[in-house]
Amino acid sequence: MKGLTPIVKKIAQLMCGMIFIYGIYIVVHGHLTPGGAFAGGIILAGAFILLILAFGSEVIKLRKEESGSSVSESLSLLVTLILASTGLLIGSKVFFKNFLPPGQIGQLVSAGAIPLYNILIGIEVAAAIITIFLALIIFKEEEEQR
Amino acid sequence: MTHLVPLYVILPLATAFLIPVIGRMVKGFQKTLFSAVLLFLTVLTFYILFSGVDQPVAYKIGGWEPVAGVPIAIYLVMDGLSALVLLIISLIGFLAGFYAISYIKRYTAENNFYALLALMIAGMNGVVLTGDMFNLYVFLEIAVIASYALVAFGIERTELEASFKYQVLGGVASLLILLGVAMLYWKTQTLNMAHISQVLAQSENNAFLTFTQILLISGFGLKAAMIPFHAWLPDAHSSAPAPISAMLSGVLIKAVGVYALLRLFFNMFAIDFQISLVITAIGTLSMVIGVLLAIGQWDLKRLLAYHSISQMGYVVIGVGMGMILLVEGGDRSVASLAIAGGLFHLINHAVFKGLLFLNAGAIEHVTGTRNLKMMGGLFKTLPVTSTTSLGASLSISGIPPFNGFFSKLIIIVAAIQGEFYLLAALAVVVSIITLASFMKFQRYAFFDQPKFSKKIREVPFTMRFSMIVLVILCLGLSLLIFPGVREIILSPAVDVLMETTNYATTTLTGM
Amino acid sequence: MIIYFMCFILFLVGLYGMVTRRNLIKIVISFTIMEFSIFLFFALIGYIDQGYAPILSQNVPEQATFVDPLPQAMVLTAIVIGLATSAMLLAIAIRLYKKYGTFNIRKINNLRG
């Protein structure tokens, strides 16, 4: 896939950092403000997609990235499951037990394990969206090469 | 036992996510892990069944206790009916996965196959266990989205087309169910099935409720491929890889279709005469029209798929007759007999239809065709496949001593005792047509003149193993007519459906 | 009350599109319209006139009524599921285009009977 013009490249370069940080903000504040893991994850994926669209890439590189993103998707879900099963394995024998201390309302570090779930699901959503996007792009690229 | 309940969801999900990570590094990991997990779940289900499931066991996710009598946690409810369907899911899932070890070598993406299969099983286990309406929808979507991908697994023309058709109709069904859930939440301000049941018991029956019930019947009827909604089933079930066809036909339409219908209309809504009539009517239609559509088929898997519709009709009329008798205050023992017949046929259908699809896969594996006219004389070259498929054919057509005979017999006896003479006559006629149809299959596939010039060898060990286990089950399940065996496996499930309000009260107050 | 019927009309619009259109992509779009009509309905169920957003903060008076947060959570979950369904449908549609060279559903008819 070819890249776009230098203007687009420069602006994408400038923007994507900010978009990325905004996505992280939305994800980690998921338990305090509207938004949360799904919305933040989509924004995170948007930053990557912007870069890929602006700069273009080789099919081989895209393949590599796709396998990487699908692995990180599975890994983050696995960690979520382990976190959820921790309550089942230790002590109370309750699945999805929120075993961490709740903390103070309104603080960034509060609500027990919910911010951890938010971060993991944020990574999962971002990786999943990137995987879908890359799969479609790779499909199209292979089509054009023939 | 209580804390073992979430394992049914955790283990298949963990399998599905471990396979893409480790499976690409370790060869053979996916098959080993999948088979081990499913075998463990099967053993666990037997353990739960033998330790007794008289009362529903409610497991609160997150440990949230009810506030002022209103349940706020998502409940996982394990009772006799759930345990029965879980047994079918784990058993057929294990055998289909084991069969696939050899079968799936022709495709490239083995990791994806096993991951999707594990995801589908996780979704179905969730549907069967959950006690929460919205959670039911979520698990249902997990199961069916995995099945969409699995139907299209071959990525050839027919597979893709069947998958698209299946997705559009399945998507509409999911939307109807979602709308039904929304309506229920609007009406009752709760999502817990037991609590919904209690809230609905206090309000009077009105048009609003009827609309919701119609939405849910059409949604789950589409998922179960009952006859006005059957268009997707023959395409999807015949295009999928053989182990997946066995899973779809043997398990998926039961777990997300018939099981959900039974659970909602027996235990959640107060049982209602009109609804029971509707259910019996669509069951009768499915039974008769399904078999009529099957007659003209020459594609082996399409023929089996149409028979799936017809056989699910038996299950639904069995249960529907029981429902009518319960509502009308008829003889409770006859109602119990009818429901037992329906549920018995549910297990039997999972076993023999799973086996038949595995046979079809074996035939396709060695000959490369599904067209009955192109086969012939396979009896000498494929002894295991032909013997097992003979067993399954006799079972589906209701020939003693195979299990299909006994469940059909129970349904017909119950129909006569409950004075549904027309239904009894139709059940007998449909059974005879089924026999004729399977005679055709046997004759053209195995006993005709050989039409193959190339050398054909019997299928590999894992495929033979699954088929032999299933044909033994076909014979062994006949034991369920004896009271001692029936009380362990079948009776708890029948009790759940007979004591319709027991589910709500014990789920909310007990454990 | 009229607003609830608007959701239902939107649902019917989607259904009409799905039944009458021949283009695979348009079918997917119609499907999404149906999906979103139900999400809209869900969000309306939880709505309470003059209700506050269900967030704990200092700016809300003591005796405030909050809108019901549960349907909102359910809509979010349903949107995620809808994303998966749409992605799956589009992926299959693109594959079909590769095999048949057309999006017209009348020309994609290997399966009959």
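Reminder, nothing fancy here: chain letters follow the sequence lines and each chain counts from 1.
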Atom of B:Ile10, atom of A:Leu81 and distance for their closest heavy-atom approach: O-CD1, 4.0 Å

Spatial distance of atom CZ (B:Phe17) from atom CG (A:Leu77) [nearest 0.5 Å]: 4.5 Å

Taking every non-hydrogen atom, the tightest pair across B:Val21 and A:Val71: CG2-O, 4.2 Å

A:Leu14 atom CG: more than 12 heavy-atom contacts under 6.0 Å: yes

Are there donor-acceptor pairs under 3.5 Å across chain B and chain A? List atom names and distances.
unit_1: B:Tyr59; atom_1: OH; unit_2: A:Lys93; atom_2: O; d: 3.2
unit_1: B:Tyr59; atom_1: OH; unit_2: A:Phe95; atom_2: N; d: 2.7
unit_1: B:Gly62; atom_1: N; unit_2: A:Phe95; atom_2: O; d: 2.7

Interchain contact, B:Leu18 with chain A, by part (heavy-atom threshold 4.5 Å): both

